[in-house]
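Remember, it's 1-based here, ligands and their atoms both numbered in the order they're listed.
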Amino acid sequence: MSRATASEAPGSAARVVECYGRRVIVETTAGERHAAVLFGKRLQVVCGDRVQVRREAGSDEWQVTVVEPRTTVIARTDNRGRTEPLAANVTLVAIMLAPEPEPDLYMIDRYLAGAEYAGVKGAVLINKADIKGATNLSAAIADEYRRAGYPVVWLSALGGDGLDELRALLRDEVTLLVGQSGVGKSTLCNALVPASIRPTRALSASTGEGTHTTVAATLLPLPGGGELVDSPGVRDFAPAPVSEAMVQTGWPEIRAAAIGCRFNNCLHLREPGCAVQAAVEVGAISARRFEGYRRLVNLLRQLQPSHERPR
Ligand SMILES: Nc1nc2c(ncn2[C@@H]2O[C@H](COP(=O)(O)OP(=O)(O)OP(=O)(O)O)[C@@H](O)[C@H]2O)c(=O)[nH]1
Ligand SMILES: [Mg+2]
Ligand SMILES: [Zn+2]
């Protein structure tokens with residue numbers, strides 16, 4: 001029997017806390033942080049992954065050798081239908097929006113749906129509550145998502161409003177914080193984690209949009225309990241594809257009303273006896289949210305390879 005060399009020795013358990021493609025920062029169970037590289041071309045890791053690491057004998061370099069099975073994975077799909085994981089083992093996706101930059105509510109719907117498909121809870125954070133004149137818009141948005149069944153927290157990462165309510169929401173969760181560039185995700189991380197000095201930057205004066213300041217997902221422990229993953233702002237988001245019948249599960253209010261549809265395979269598009277369409281007509285379900293559902297059905301049809309598309 002040959003003796004194991006140092007480089008074959010079993011690894012020690014660690015967590016990926018920052019991810020830059022094939023280079024990562026891991027934190028070991030003992031609380032030590034190391035820069036590490038992925039060992040072997042087939043390994044793919046994201047922030048939140050549980051891994052095993054080892055150090056080559058006589059080398060300073062740490063290697064990630066094993067990725068443990070994920071309990072959850074949040075992934076996005078690009079416009080060519082390629083799916084890319086964003087974070088692993090999270091229990092909550094918190095979608096942040098703000099009066100500026102101008103919110104894309106359909107993208108927020110798709111994030112919430114993507115969380116549902118991944119078996120992860122969703123919440124909506126409305127930041128920059130201190131900005132004057134934005135109250136009416138924010139109240140309407142908050143109302144729409146509360147009626148759909150999501151927790152909504154109205155806060156000011158800079159002014160401090162709503163932070164206690166938010167701490168209570170995040171206490172027992174591993175939360176992925178997402179949203180358009182410039183909504184204030186990193187500013188919130190700095191407010192909740194005193195040791196955090198994440199770079200933040202003002203919106204562009206010419207476009208009114210964020211400037212994509214954060215470049216890599218980073219996991220931060222929250223002092224009061226829970227963990228928060230800051231992530232780079234995105235222009236668009238589509239979830240990993242699901243079957244057509246599954247799409248509606250990303251809209252809790254549609255799923256609930258669908259119990260009353262005449263056909264149990266109703267997609268609520270133009271079927272007779274549809275309780276969802278009836279609820280939209282009387283305003284019990286937001287027409288804008290319903291439109292978000294229809295758009296995702298169409299988008300997923302487009303992303304499907306043409307030979308698999310329903311005729
Ligand atoms: N008025 C106001 N401005 C805020 C608040 N939170 C953040 N900002 C400002 O919004 C701008 C963008 O904040 P960031 O924290 O960099 O935004 P981000 O979401 O991390 O952006 P990316 O990293 O590019 O995705 C900065 O100028 C912040 O000071 C807030 O509560 N109120
Ligand atoms: Mg940021
Ligand atoms: Zn229906």
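Residue contacts with ligand 1, taken as heavy atom pairs separated by less than 4.0 Å, do not involve Leu155 at all. Under 4.0 angstrom from ligand 1, there are no non-hydrogen atoms of Leu188.
In terms of heavy-atom proximity, Cys47 sits nearest to Cys19 at N-CB, 4.0 Å. The two atoms that bring Pro232 and Ala217 nearest to each other are CD-N, 3.9 Å, heavy atoms only. Smallest separation of non-hydrogen atoms from Ala240 and Thr77: CA-OG1, 3.3 Å.
Scanning the protein heavy atoms around atom 28 (C) of ligand 1, the nearest turns out to be Thr187 OG1, 3.7 Å. Remark: minimum distance from atom 27 (O) of ligand 1 to any protein heavy atom is reached at Ala202 CA, 3.2 Å. In terms of protein heavy atoms, atom 26 (C) of ligand 1 is closest to Arg201 O, 3.4 Å. The protein heavy-atom contact nearest to atom 17 (O) of ligand 1 is Gly184 N, 3.2 Å. Closest protein heavy atom to atom 31 (O) of ligand 1: Ala157 N, 3.0 Å. Of the protein's non-hydrogen atoms, Ser181 OG, 3.6 Å is the one closest to atom 22 (P) of ligand 1. Taking atom 6 (N) of ligand 1 as the reference point, the nearest protein heavy-atom neighbour is Asn127 ND2, 3.1 Å. Regarding atom 1 (N) of ligand 1, its nearest protein heavy-atom neighbour is Asp130 OD2, 2.8 Å.
Residue Gly159 places every heavy atom at 4.0 Å or more from ligand 1.
A salt bridge links Arg255 with Glu116: the distance from a Lys NZ or Arg NE/NH1/NH2 to an Asp or Glu carboxylate oxygen falls below 4.0 Å. Contact check on Glu18 versus Arg23 returns no salt bridge, with no Lys/Arg side-chain nitrogen under 4.0 Å from an Asp/Glu carboxylate oxygen. Taking 4.0 Å as the cut-off between side-chain N and carboxylate O, Arg167 and Asp164 count as a salt-bridged pair. Residues Glu227 and Arg15 are paired through a salt bridge, judged by an N-O separation under 4.0 Å between the basic side chain and the carboxylate.
For ligand 1, one of its N or O atoms has an N or O atom of Leu158 under 3.5 Å away. Of the N or O atoms in Thr200, none lie within a sub-3.5 Å distance of an N or O in ligand 1. Residue Ala129 has no N or O atom closer than 3.5 Å to an N or O atom of ligand 1. At under 3.5 Å, a nitrogen or oxygen of Ser156, whether backbone or side chain, sits near a nitrogen or oxygen of ligand 1.
When the options Pro199, Gly182, Gly210, Gly233 are ranked by their closest heavy atom to atom 21 (O) of ligand 1, first place goes to Gly182. Nearest to atom 19 (O) of ligand 1 by heavy atom, out of Lys185, His212, Arg198, is Lys185.
Here is the list of ligand 1 atoms found below 4.0 Å of a heavy atom in Ile131: 1 (N).
No side-chain donor-acceptor contact under 3.5 Å links Asn127 to the backbone of Leu97. Under a 3.5 Å cut-off, the side chain of Thr72 and the backbone N or O of Ala118 do not form any donor-acceptor pair.
For the residue pair Thr207/Ser204, the side-chain donor-acceptor check at 3.5 Å is satisfied. Checked by atom type, the side-chain pair Ser286/Glu144 shows a donor-acceptor distance below 3.5 Å. Inspection of the Thr28 and Ser12 side chains reveals no N or O donor paired with an N or O acceptor under 3.5 Å. Side-chain contact check for Ser156 and Asp161: no donor-acceptor pair (N or O, by modelled atom type) lies under 3.5 Å.
His268 pairs in a side-chain hydrogen bond (donor to acceptor under 3.5 Å, both in side chains) with only one of the listed residues (Gln248, Arg294, Gln277), which is Gln248.
Rounding to 10 degrees gives 80° for the angle at the Mg ion (ligand 2) between OG of Ser186 and OG1 of Thr214.
Less than 2.8 Å away from the Zn ion (ligand 3), the protein contributes these N/O/S atoms: Cys261 SG, Cys266 SG, His268 ND1, Cys274 SG.
Seen from the ring of Tyr106, Arg289 does not count as a face-on cation partner, given the 6.0 Å and 45° thresholds.
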